[in-house]
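The structure appears below as structure tokens.
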2 protein chains.
Amino acid sequence: MDTAWLSADEEQAWRAFRRLLVALPARIGRDLARDSGLSAADYEVLSTLSEKPDRRWELRELAAKMEWSRSRLSHHAARMQARGLIDKEPDPQDARGCLLHLTDDGFAVLEQAAPHHVVSVRSRFLAHVSADELAMLRAISTRIADLPD
Amino acid sequence: MDTAWLSADEEQAWRAFRRLLVALPARIGRDLARDSGLSAADYEVLSTLSEKPDRRWELRELAAKMEWSRSRLSHHAARMQARGLIDKEPDPQDARGCLLHLTDDGFAVLEQAAPHHVVSVRSRFLAHVSADELAMLRAISTRIADLPD
DNA sequence: CTACTGTCGTTGACATGTCATCGAATGACT
DNA sequence: AGTCATTCGATGACATGTCAACGACAGTAG
């Protein structure tokens with residue numbers, strides 16, 4: 001095989017996949033904004049924060065978990081704080097650090113948003129994939145995403 | 001099935017797939033920037049322009065083909081024009097319109113970039129997917145991307 | 001304790017995308 | 001021809017992300 005070019009099959013599969021890569025997040029993001037006034041980034045922050053029992057994460061830990069840069073999360077957290085979705089607390093363990101805390105308002109917004117979001121993910125993605133396909137997709141995704149950067 | 005929630009399988013597959021949705025374009029985009037100084041958006045414009053024999057498209061046609069907004073393409077084209085990759089010509093068929101034209105420099109940059117990009121797509125994606133998986137991925141991608149918006 | 005090295009979150013400059021709006025040109029209808 | 005709704009690309013305001021700095025603090029070695 002000449003690895004410098006793509007076969008017709010590869011080319012078409014890659015094109016189709018790239019289309020999905022753009023279209024799917026865009027559609028789900030629009031649903032989220034329409035139904036709940038949240039961006040996909042907002043939702044990811046809120047839902048990840050809600051995973052901790054006390055709804056608190058160190059900024060850098062949360063950034064690492066979401067695979068965001070600290071800068072990105074710092075900017076985004078400032079905007080979410082201005083909207084009252086989260087607040088910031090000093091980290092008692094490390095005076096450099098900062099704890100992000102999901103407010104009651106933020107939690108309420110998340111709880112309102114979650115069912116709509118699930119419907120969106122279902123209707124735009126899961127409903128159109130068989131169980132076998134979903135298992136394969138998961139295997140492929142994990143395999144590729146786990147490759148070194 | 002309770003459609004208001006995700007099963008454990010669905011949840012994990014959706015998580016894994018979302019990771020791929022973010023990581024794969026990011027990696028290929030970084031390769032492109034490093035190897036050729038182009039963004040993924042730049043590359044898409046250049047390669048789509050190069051598909052036409054005369055290397056010219058009306059702005060709105062090109063935008064439709066790439067599924068971009070005219071505003072986005074107008075902004076991006078202005079930046080690419082400033083770098084000498086494309087130029088703009090009046091449309092002889094429609095005085096409102098504007099033809100985007102791939103310059104010789106732009107074409108040269110594309111030709112330099114293409115082989116590296118192919119290697120990148122191969123090493124970060126195609127090499128890790130079997131022919132069967134690729135066929136299924138293409139089918140799924142087309143099925144989902146073709147859904148109404 | 002002191003010095004050095006590294007990590008923390010923040011910040012500002014910049015690149016890129018969205019959205020609403022604009023003037024100019026088009027096309028359809030009378 | 002004249003009117004009017006529509007479409008063209010451009011533009012400015014804004015949201016969001018990257019990157020390279022920064023001061024503050026932590027941790028380690030002497």
Side-chain angles (χ1 to χ4, degrees), chain A residues 21-23 25-34 37-46 49 56-83 85-101 149, chain B residues 21-23 25-34 37-46 49 56-83 85-101 149:
Chain A
L21 246 43
V22 173
R27 291 171 190 175
I28 293 180
R30 271 199 306 277
D31 289 345
L32 204 45
R34 175 176 43 73
L38 296 174
S39 67
D42 296 333
Y43 189 87
E44 193 178 348
V45 170
L46 293 180
L49 271 177
R56 279 169 182 81
W57 288 72
E58 264 186 74
L59 188 147
R60 58 155 281 287
E61 259 192 293
L62 182 61
K65 166 84 174 173
M66 300 192 302
E67 306 184 76
W68 285 17
S69 68
R70 285 174 303 155
S71 168
R72 178 181 178 185
L73 181 54
S74 177
H75 280 300
H76 205 95
R79 292 186 293 257
M80 292 181 72
Q81 183 179 28
R83 293 157 62 199
L85 298 172
I86 63 173
D87 44 18
K88 294 185 193 176
E89 303 170 353
D91 182 349
Q93 309 302 311
D94 183 338
R96 294 167 304 177
C98 151
L99 294 179
L100 300 186
H101 169 241
D149 255 336
Chain B
L21 246 44
V22 172
R27 291 171 190 175
I28 293 180
R30 271 199 305 277
D31 290 345
L32 204 45
R34 175 175 43 72
L38 296 174
S39 66
D42 296 334
Y43 189 87
E44 193 178 348
V45 170
L46 294 180
L49 271 178
R56 271 167 248 272
W57 289 72
E58 263 187 76
L59 188 148
R60 57 156 281 287
E61 258 191 294
L62 182 61
K65 166 82 174 173
M66 300 192 303
E67 306 184 76
W68 285 18
S69 68
R70 285 173 303 156
S71 168
R72 177 181 178 185
L73 181 52
S74 177
H75 280 301
H76 204 94
R79 292 187 293 257
M80 293 181 72
Q81 183 179 30
R83 293 157 62 199
L85 298 172
I86 64 174
D87 45 23
K88 294 184 193 177
E89 303 169 354
D91 182 348
Q93 309 302 312
D94 185 337
R96 292 169 305 179
C98 150
L99 294 178
L100 300 186
H101 169 241
D149 253 337

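Proteins come first, then strands; the chains are lettered A, B, ... in the order of their sequence lines, and each starts at number 1. Heavy atoms only: backbone and side chains are in, while hydrogens, waters and symmetry mates are out.
The closest side-chain donor-acceptor pair between H76(B) and R79(B) falls under 3.5 angstrom.
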Under 3.5 Å between N/O atoms: give me all the protein pairs with nucleotides 6-9 of chain D, atom names plus distance.
residue, atom, partner, partner atom, Å
dT7(D), O2, R96(B), NH1, 2.5
dC8(D), OP1, R60(B), NE, 2.5
dG9(D), OP1, L59(B), N, 3.3
dG9(D), OP1, R60(B), N, 2.9
dG9(D), OP2, R60(B), N, 3.3
dG9(D), N7, R70(B), NH1, 3.1

Which protein N or O atoms sit under 3.5 Å from an N or O of nucleotides 15-20 of chain D?
residue, atom, partner, partner atom, Å
dT16(D), OP2, R79(A), NE, 3.3
dG17(D), OP1, R72(A), NH2, 2.9
dG17(D), OP2, H76(A), ND1, 3.1
dG17(D), OP2, R79(A), NH2, 3.4
dG17(D), O5', R72(A), NE, 3.3
dT18(D), O4, H75(A), NE2, 3.4
dC19(D), N4, S71(A), OG, 2.6

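Contact check for I28(B) versus P25(B): no side-chain heavy atoms found under the 4.5 Å cut-off. Proximity of L46(A) to M80(A): side-chain heavy atoms (C-beta onward) are separated by under 4.5 Å at one or more points. For the pair L73(B)/L100(B), a side-chain contact is recorded, criterion being any heavy-atom separation below 4.5 Å from C-beta on.
When all heavy atoms of L49(A) and W57(A) are compared, the closest pair comes out as CD2-CD1, 3.3 Å. Residues R72(B) and A41(B) approach most closely at NH2-CB, 4.2 Å, considering heavy atoms. Counting all heavy atoms, side chain and backbone alike, S69(B) lies closest to A63(B) at O-CB, 4.1 Å.
The distance from atom CD of E89(A) to atom P of dG9(C) is 14 Å, rounded to the nearest whole Å.
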Subject >> Pair K88(B)-L99(B), side-chain contact (heavy atoms from CB on, under 4.5 Å): steps then yes or no >> reply: CA-CA 6 Å; K88(B) 294 184 193 177; L99(B) 294 178; over 6 Å; no
